[in-house]
Novice: 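So that we are looking at the same thing, I have put the structure below in structure tokens.
Here is the naming used below: chain letters follow the sequence lines, and residue numbers restart at 1 for every chain.
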Amino acid sequence: MQPSATTGGLNQQQIEAVETREGPVLVLAGAGSGKTRVITHRIAYLIQEAGVRPEQILAVTFTNKAAGEMKSRVVQMLSGQRMTGAPLLSTFHSFCVRVLRRDIEAAGGGFTRNFTIYDDDDQARVIRGIRKELMIDDKSLTDRQTLSSISWAKSRSISPAGYANIGDQPSERNEKIAQIYKVYQEKLELANALDFDDLLIKTVDLLIKAAGVRSKYHERFRHVMIDEFQDTNGIQYELARLIVTNSTSNERAALDEAGLWSNRSLFVVGDIDQSVYSWRGSDFNIILGFQHDFAGTRTIRLEQNYRSTQTILDAANRIIENNSRRLPKTLYASEKAGQGDKIRYYQSYDGEGEAMWVAERIQESLRRSHNARCAVLYRANSQSRLFEESLRRRGVPYNIVGGFSFYERAEVKDLIAYLKLSLNPHDDIALLRVINSPPRGIGKTTQEALLESQRDLGVSLWATIAAAVQARTVSPRAGRALDEFREIIGGLARRVESGEGVAELVKASSIDTGYIQALKEENSKEAEGRLMNIEELVNAAAEAERQRESLRDFIDHAALVADTDQYREDARVTLMTMHSAKGLEFPIVFIVGLEEGIFPHSRAYESEADLEEERRLCYVAITRAQKNLYISHAMKRRTFGEETAAEPSRFLNELPAELIEDVSPGPSWLKFRELPSSYSSKPERPAGGHTAYRDGQSRLKNTTNYKGKTYNSAESVGEFLAGRARKVATSSSQGQGHQNAGDAPGSLKVGSRVRHERYGQGVVLNCEGTGDDAKITVSFPGFGQKKFIAKYAGLEKVTR
DNA sequence: TTTAGTACACTTTTT
DNA sequence: GTGTACTAAA
């Protein structure tokens, strides 16, 4: 037996984190600093050495995948140990489902524990229905936009009425959204359905209203841990706080109660620089406020990186330095990792060329090493296609995460809808989904009539159908068809009640409903694929049954699995978005499509905060790499079939040349960037017409038609620095100790404009020291960052 | 009522 | 290039 099974191989800070048994603990953990290790070790430590009962531990993650991985690691660490219970490792959402399935009725309100979960597809259908009903056909207001507005409002506890009054003046748009929002909530309640936001909101609601339930969880979970804490939103934080403090007031005084922290802890681990989900309501200010919210918080920093080479970390550090809203931190490579290879950069003529290059490099790496693992990371799922094609052409097997997941396939969703109905017939969305699939004579007219009378009755569609059949308000033929449908659902419900197994029930949902029959008769290749998917679903059900899951569990699982959960660790080549890659690591990483508008995404242009989030995403992507990092971009790209010139991403410009090896054939944008030239004090942007890039000479003559601000225009850099200066001032007054860049009094200040005889106008990014010997870093549009010693540089101050 | 064909809008990231 | 929504014909 080792001296300490639970802290062996950990560094000082990690050990401190693991061994802190009580109180609020905030771990600021950089990428690759052994975050997961710390959490798993701490769980093991609490159980083995602090005498904590396993079931008193709750560890929350953001993906099922992370929870599963943590679970298996903990099990491994505790193997041989006789355990009375097991720690609960789960996502926020599945934790909430668990709580609500038990106790939702205690919250009052119309929901029963038999509720259905609506995923975003279901949500979109609800919205579509409402828009039809309210006759809102505004093309500038898409379902998705409406949905995200509603979600935004919900996660901030804004009611429909409140939403209408949001903003400075009443807007027609907001009123429309508010109107849809109101009906949306009514529809969900009628259907006994909760969407993802509701799962969290209802749980918080329950814990606030039902003191008994709250105490129960407070007593049970004495040690709560939250992974990826920077991704928590206000409601999730509230949830954790309710469980830990058992208090509904946010008063700090309540937390100081004697004995609260005795044999109790709240242990959160996060990294502001990896906060990339603000669009989903997450708010990294929660991390910043944690110490304030919880008196006596112990803060531990992990900056030692165990994953990547120094080159990769340098790149990551340099990128993230450009953000103003952060707690400064620098990652250090372990000695073992060393400096490593330079980052390889490739500029291709078009998107296809980029994909071919990537596929070639992957094939090369796989040949060279038998256990090489590569990842291709892109900003948006739609970028995957080209890479899939190029890899397929070369016969390289790959695993793709995201896009169309198994549980999103129509036939799978159909069968699940049948099963949902057998448990909760009032689920209108499920009912509409399958009422006529396979076709059974309940067409548009009948459905429309049903929806019409539903409006008068104000009950679920299921109840409406019963009433319609009874009152004979539909044609006899439709009536017979509806009866048949009711019989199908009723039959399934009886099977459920008689306790049949999950696999048996899934089979029944495909046979009794005529679904399989219809597909077989279709006799097409497509139908064959669907049949195979159904078979796959039955297999999944059999597996669930083996795990002693109920039908309910099985359906919940189908609703809550994320795309990231498709990730297979053993795959040699993985294609996925940068978001999905968070928390993972690969020896070889390709970051592709480094182009303005794609990455950073054009939607982020509107605000500096959004751009910083893109930059954090870039930081996340870079830090996934262990040994080799490849970055690439194309000069033109087809979108829809339309060819468009692409401008290199600003993030490329933020990488220092000494970390990069340019492997592009011929002249590249990067070489141009580094090229000292005196022909322009008002440099041309190299990103103009793509044709210019076929040879260097015409490129140099090429002038850009680019207008407006760019990332490295003097204006935007100046603006950015002004923002940073503000931030620095406020954070240091709060004692957060940002190392301020020393200003040379009276001479050059950070943010001031200077002219260089060679590079033209630029903006001072950093000053080290003062006077003539000061080291000055300047960013020049089109040339990147340059460092000078003040007295030799001959910089001329520019005043506007 | 069903189905086949055509126009069209759309592309961030996800529990 | 792709999935969905609408329209016309069987």
Novice: Base, sugar-phosphate or nothing for A:Ser382? Non-hydrogen atoms, less than 4.0 Å.
Specialist: base

Novice: Looking at B:dT14, C:dT2, B:dT15, which one has an atom nearest to any side-chain atom of A:Arg385?
Specialist: C:dT2

Novice: Using only atom types and a distance under 3.5 Å, with no angle test, would you say the side chain of A:His633 pairs donor to acceptor with the backbone of A:Ser649?
Specialist: no

Novice: Round to a whole Å and report the spacing from CD of A:Glu613 to P of B:dT14.
Specialist: 12 Å

Novice: Expressed in angstrom and rounded to an integer, what is the separation of A:Met578 atom CE from B:dT13 atom P?
Specialist: 11 Å

Novice: Using a 4.5 Å cut-off on heavy atoms from C-beta on, say whether the side chain of A:Phe196 contacts that of A:Arg280.
Specialist: no

Novice: Any salt bridge between A:Glu612 and A:Arg326, counting N to O under 4.0 Å?
Specialist: no

Novice: Sequence neighbours excluded and cut-off under 3.5 Å, please list the side-chain donor-acceptor pairs for residues 475-485 of chain A, or say none.
Specialist:
from	atom 1	to	atom 2	distance (Å)
A:Ser475	OG	A:Ala478	N	3.2

Novice: Please examine the side chains of A:Val60 and A:Gln236, heavy atoms only from C-beta on, and report whether any two atoms are closer than 4.5 Å.
Specialist: no

Novice: Using a heavy-atom cut-off of under 4.0 Å over every strand shown, decide if A:Asp197 touches base, sugar-phosphate, or nothing.
Specialist: nothing

Novice: With heavy atoms under 4.0 Å as the rule, sort A:Arg616 into base, sugar-phosphate or nothing.
Specialist: nothing

Novice: In whole angstroms, how far is the P atom of B:dT14 from the NZ atom of A:Lys154?
Specialist: 20 Å

Novice: Are the side chains of A:Val620 and A:Met578 in contact, using a 4.5 Å heavy-atom criterion?
Specialist: no

Novice: Does A:Trp279 stack onto the base of B:dT13, taking stacking as ring centres under 5.5 Å apart and planes under 30° apart?
Specialist: yes

Novice: Name the one of A:Asp197, A:Val204, A:Leu199 that satisfies side-chain contact (heavy atoms from CB on, under 4.5 Å) with A:Ile235?
Specialist: A:Val204

Novice: What does the list of N/O pairs under 3.5 Å between the protein and nucleotides 5-10 of chain C look like, with a distance for each?
Specialist:
from	atom 1	to	atom 2	distance (Å)
C:dA5	OP1	A:Arg128	NH1	3.3

Novice: For atom P, what is the distance between B:dT13 and C:dT4, given to the nearest Å?
Specialist: 16 Å

Novice: Which residue, A:Phe196 or A:Arg603, contacts DNA chain B at a nucleotide closer to its 5' end, judged by nearest heavy atom?
Specialist: A:Arg603

Novice: Tell me the stems DNA chain B sits in, counting at least three consecutive Watson-Crick or G-U wobble pairs, each under 3.5 Å on both distances.
Specialist: B:1-10 with C:1-10

Novice: Is A:Arg433 close enough and on-axis enough to A:Tyr418, meaning under 6.0 Å and within 45°, for cation-pi?
Specialist: no

Novice: Among the nucleotides B:dT15, B:dT13, C:dG1, which one has an atom lying closest to any side-chain atom of A:Asn381?
Specialist: B:dT13

Novice: Look at the side chain of A:Gln230 and the backbone N and O of A:Asp271, then say whether any donor-acceptor pair between them is shorter than 3.5 Å.
Specialist: yes

Novice: Could you state the atom-to-atom distance from CD of A:Gln447 to P of B:dT2 in whole Å?
Specialist: 9 Å

Novice: So what does A:Thr446 hit on the nucleic acid, given a heavy-atom distance under 4.0 Å: a base, only sugar-phosphate, or nothing?
Specialist: sugar-phosphate

Novice: Quick one: on DNA chain B, does A:Val276 or A:Thr142 contact a more 5' nucleotide (nearest heavy atom)?
Specialist: A:Thr142

Novice: Which of the following nucleotides, C:dG1, B:dT13, B:dT3, is nearest to the side chain of A:Pro439?
Specialist: B:dT3

Novice: Whole Å only: how far is the CD atom of A:Glu389 from the P atom of C:dG1?
Specialist: 7 Å

Novice: Between atom NZ in A:Lys202 and atom P in B:dT15, what is the gap in whole Å?
Specialist: 23 Å

Novice: Output the rounded distance in Å from CG (A:Leu560) to C1' (B:dT15).
Specialist: 7 Å

Novice: Can you tell me the distance, in whole Å, between the CG atom of A:Asn436 and the P atom of B:dT3?
Specialist: 9 Å

Novice: Would you tell me whether A:Asp428 and A:Gln454 have side-chain atoms, one donor and one acceptor, within less than 3.5 Å of each other?
Specialist: yes

